[in-house]
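Reminder, nothing fancy here: chain letters follow the sequence lines and each chain counts from 1.
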Amino acid sequence: MRSIGQRSIKKVPALRGRMVVNLFFEASTRTRFSFETAEKWLSADSLNFAAKGSSVEKGESLLDTARNLQAMSPDLIVIRHGSPGVPHFLARHLKAGVVNAGDGAHEHPTQALLDALTIRQRLGRVEGLRVAICGDIAHSRVVRSNIWLLTKMGSKVVVCGPPTLLPDRIAAMGVEVTTDFDEALEGADVVMMLRMQLERQGMSLFPSTREYFRLYGLDAKRLARAKPGAIVMHPGPMNRGVEIASDIADSDRSVILEQVANGVAVRMAVLYLLLGGHPWEGES
Amino acid sequence: MSRLLLRGGRLVDPVAERDGRFDVLLEDGLVAEVGDRIEAGGARVFDASKLCVFPGFIDLHTHLREPGREYAETIHTGLAAAAAGGFTAVCAMPNTSPVNDTREVCEFIRSRAAGARSAQLYPIAAITMGQKGQEMTAFGELVETGAVAFSDDGHWLGGGLLRHAYEHAGLFSKAIVQHCEDPTLSFHSPMHEGAVSARLGLAGQPAMAEAVAVARDLLIAELTGGRLHVAHISTARALELVRRAKAEGIAVTCEVTPHHLLLTDEEVATSGFSTRTKMNPPLREASDLVALLAGIQDGTIDAIATDHAPHHADEKAVDFDSAPFGIVGLETAASVVHDRLVARGRLGLDRFVSLFSAGPARVFGLPGGTLAPGSPADVTLFDPEARWKVDPHKFVSKGRSTPFAGWELVGAPAATIVSGAVIWQRADI
């Protein structure tokens, strides 16, 4: 899939005649463009839905919107929604396949897949690595999907953030939990920084962005605690100077743009496996 | 003169200390006689030989939605659902539209119930006008119109106002019914705060939000000598506060719902975020269930109540965050508790009966709770061997949302008798 993006003619006929609806109820740049690109390169017909400007603004319910789309017989629906569980809700009510492109603070499975791919490309493996995921754990769907995938693939995951943004019971997912940023970084092979959701400022979750960077911002001095070859990741969009210093984000340790490039490949793979030929077809 | 003889059932009446085969004669709305063998003498005979005979079940916590949201439930459908669930009486919460805050609304509700050949209705009136937390309602007038207690349900009241409410309600020996939740701690979040909410990325209400509210009200009740009834208690911590307060002689009672006794927050995950697992208080965790079970066994919990809260199917067919809190319970409460706790040996049959009859009667000082001669002829006939599967489409209630859908149960109400008249009977009896 990755090689398709490097060709001069970026199109294969794998999903010709298949229809995919990108149903985005929440703002998204990276994920939506990434899915759209993946669909185009695979020759699927895609239809983009954004809540803004749609009949949702006229009060149409989620279920009615989905049923109306279903009436047009799409093969797959890619859904992004601000509330956890909406993909499950749609899957119960629709015949089309459903791909979760992010549901509230719950999950973002294709992000985890592209993160794992990026880690394996750079470090050669996922198993046995120490992965530190740092920042606003409470509101992050990226962290939850990464915990599922990386622990399943044998990584040791440590999550870190200020106590107000770190539900301690997340330890039950099989991760180490700490509020000490330096401790989390110690000996890490991968440092994954999460976006500080600035819109939450004023909810007394943290005093100021300045204070946040002082305690939990990744700079060169901090990064020195990680392993020498450690890579730095970020799902974007970044707040430079809040959770990550610009010189780190733009350094050769950073794989942030590789994550974006891999996102298209991973989403092509997901679409292909769900709609095209199954490599395990015929197996019982 | 109407006479009905319940022949040969297993009478379980903890107040009268009876558990055995008895005939029960009902005459003119009262229990006339209880004995080994009563001559029919012209009375209609009801063969109860395969059934249990219990004092009428009373639900302390029902939302009937009328006036205002008749599309979700009416007084008629709600009371019919109560009868089908074995309840002879329900206490209707005041959060209708308009709110039950005046004599006129209270009279309207009672008049709608009077026409129904079903369970009886006891209104609970609001503490403040419109449940807005500002101006107190006319307690005296409302009591005169039939209000049995006062509650602003989920609306958080300031401590000063609440103190006055306890003092005023004390004049009429009525309880203040509190949905104990400090909203500045809970933010009315859609589920319980714990390992499951952390995993699912849903905002959680900490158990502490309930305990803090219970603690505050206990202190006010202690100061004023007023009576607190804690609605749908759901956490171990809050229950411990009630247990200690009772030991200290503070006038407090509490109720628990079947869903808080039997289900944990894992249900939200295993159901795939189904909105039938969304109610307030939310489903808690295993350690809370253990404490609540101990509470019904040792009597710290006075009653099992349904918190029957019907919504239209469209209102619940939305994402988890947007869905309204509330599930129905009238038609499943007795059976699920019987099946999961009584039939499996975790709760004695006498405690079961007390928690549904004498317990709730005592909490609000209602008639009934026993079938001793002279008591109201309100009877719940229960078939402890009946096997059935919960199918919400067959509910009498307009509400269909229940986490017990599909459960296979042993034990079911068989007939419901109010004032000596059979108001509901299972089709096959």
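Contacts with chain A were tallied for B:Ser322, B:Gly204, B:Ala317; B:Ala317 has the most, counting heavy-atom pairs under 4.5 Å.
Heavy atoms closer than 4.5 Å to chain B are found in the side chain of A:Arg92, but not in its backbone. At a 4.5 Å heavy-atom cutoff, A:Ser61 makes no contact with chain B through either its backbone or its side chain.
By the 30° and 60° cut-offs, the orientation of the rings of B:Phe273 relative to A:His88 is tilted.
Contacts between residues 168-180 of chain A and chain B, counted as heavy-atom pairs separated by less than 4.5 Å, involve A:Arg169, A:Ile170, A:Ala172, A:Met173.
Applying the side-chain hydrogen bond (donor to acceptor under 3.5 Å, both in side chains) test to B:Asp288 and every residue at least two apart in sequence or in another chain returns nothing. Qualifying salt bridge (Lys or Arg N to Asp or Glu O under 4.0 Å) partners for B:Arg237, counting only residues two or more places apart in sequence or in other chains: none. Partners of B:Val212 under the side-chain contact (heavy atoms from CB on, under 4.5 Å) rule, at least two apart in sequence or in another chain, are B:Asp182, B:Leu185, B:Met208.
Minimum heavy-atom separation, A:Pro167 to B:Ala198: CB-CB, 4.0 Å. Of all the heavy atoms in A:Pro84 and B:Leu200, the pair that sits closest is CB-O, 3.6 Å.
Note that the CG atom of B:Asp319 and the NE2 atom of A:His81 stand 5.0 Å from one another [nearest 0.5 Å].
Under a cut-off of 6.0 angstrom, the local environment of CD in B:Gln134 is sparse, with at most 12 non-hydrogen atoms contributed by other residues, nucleotides or ligands.
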